[in-house]
Amino acid sequence: MARTPQDVTDAELAVLQVLWDAGPLPIRRITEVLYPAGKPAQYATVQKLLERLEAKQCVTRDRSMPTHVFRAAIDRDDLVGRRLQAVAEKLCGGSWTPLLTHLVANQSLSEADRDLLRALIQEQAPKPRRRKESA
């Protein structure tokens, strides 16, 4: 099955993780984080991954300095949302209910997590309609 243009591979995701965690960086620094004992081949690998991510509009490159600096152009939450939506569509006919119930049933949630979930559900609840009074 073909990937959607915004889908990222695991290797590309590792590069995005570095950019999300550390902020804008040049290729050499990204390579050092991903491959602490890096060799020239790994630098070339990171360079290719960045080119792919740039083509997918997931990273931007600042070319104003001699050393180009890369920045994540996609928010972590946006990518998480897209990936979860794809899973829901692929496995659950587009419904989020099986995903959410599985996660809640199989994870130990803190009181804060449960409170957050309750608040989110309340936000999504339809607002009751007010009846017009007869005159």
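Applying the side-chain contact (heavy atoms from CB on, under 4.5 Å) rule to His68 yields the partners Arg61, Arg63, Phe70; only residues at least two apart in sequence or on another chain are considered. Listed by chain and residue number, Arg114, Arg118 satisfy the salt bridge (Lys or Arg N to Asp or Glu O under 4.0 Å) test with Glu111 (two or more places apart in sequence, or in another chain). Residues passing the salt bridge (Lys or Arg N to Asp or Glu O under 4.0 Å) test with Arg52, sequence neighbours excluded: none. Remark: Ser108 pairs with no residue by the side-chain contact (heavy atoms from CB on, under 4.5 Å) rule, at least two apart or across chains. Under the rule for a side chain to side chain donor-acceptor pair (under 3.5 Å), Trp20 has no partner lying at least two apart in sequence or in another chain. Partners of Thr97 under the side-chain contact (heavy atoms from CB on, under 4.5 Å) rule, at least two apart in sequence or in another chain, are Ser95, Thr101. Listed by chain and number, the residues in a side-chain contact (heavy atoms from CB on, under 4.5 Å) with Leu91 are Val87 (sequence neighbours excluded).
Cluster note: Leu109 groups with Val104, Leu117 through ILVMFWY side-chain heavy atoms spaced under 4.5 Å, whether in direct contact or through intervening members. Chaining together hydrophobic side chains whose heavy atoms lie under 4.5 Å apart places Leu120 alongside Leu116.
Put simply, SG on Cys58 and CG on Leu49 are 12.0 Å apart, with the number rounded to the nearest 0.5 Å. Taken to the nearest 0.5 Å, the CG atom of Asp7 stands 8.0 Å off from the CG atom of Leu79. Distance check: Thr60 OG1 to Asp62 CG gives 8.0 Å after rounding to the nearest 0.5 Å. Rounding to the nearest 0.5 Å gives a distance of 5.5 Å between CD1 of Ile30 and CG of Leu25.
Listed by first and then second residue, the side-chain hydrogen bond (donor to acceptor under 3.5 Å, both in side chains) pairs that reach into residues 31-50 are Arg29-Glu32, sequence neighbours excluded. Screening residues 65-80 for salt bridge (charged side-chain N to carboxylate O under 4.0 Å, His left out) gives Asp21-Arg76 as the qualifying pairs, with residues at least two apart or on separate chains.
Ile27 and Val69 fall into different hydrophobic clusters, defined by Ile, Leu, Val, Met, Phe, Trp and Tyr side-chain heavy atoms under 4.5 Å apart, directly or through other members.
Considering every non-hydrogen atom in both Ala88 and Leu99, the closest pair reads CB-CD1, 3.7 Å. Across all their heavy atoms, Thr67 and Pro26 have their closest contact at CG2-CB, 3.5 Å. Val8 and Lys56 make their closest contact through CA-NZ, 3.9 Å (heavy atoms, listed as atom of the first residue, atom of the second, distance).
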